[in-house]
Amino acid sequence: MFGLNGKTVKHHFMGVYGKVVQIRELVEVLDNVFDSFHKVNSISKTMLGPRKPSAKKLDRLR
């Protein structure tokens, strides 16, 4: 059996806390990336206008 002391417990929880902070930062970066994709998509839709259906889609609609 191993002994627990305050130093090892504190070291363990500081490591866990550090990983939680890294995960939060990663989630924030991913959120910003997806927001950017959404903004670019909105801008491109306004610039290009409505899309015309392709020939395959027109055949399916008939």
Please list every donor-acceptor pair under 3.5 Å in which a side-chain atom of residues 33-44 meets a protein atom from a residue at least two apart or in another chain.
residue	atom	partner	partner atom	Å
S36	OG	N32	O	3.0
S42	OG	H38	O	3.0
S44	OG	V40	O	3.3
S44	OG	N41	O	2.9

Through direct or indirect side-chain contacts below 4.5 angstrom among Ile, Leu, Val, Met, Phe, Trp and Tyr, which residues connect to M14?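 When side chains under 4.5 Å apart are linked, M14 ends up in no cluster with other residues.
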
side-chain hydrogen bond (donor to acceptor under 3.5 Å, both in side chains) partners of residues 6-15, not counting sequence neighbours, each pair once: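 For residues 6-15, and leaving out neighbouring residues, the side-chain hydrogen bond (donor to acceptor under 3.5 Å, both in side chains) pairs sorted by first residue read N5-T8.
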
Report the residues that fulfil side-chain contact (heavy atoms from CB on, under 4.5 Å) with V27, sequence neighbours left out, ordered by chain and then residue number.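 Here the qualifying residues are I23.
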
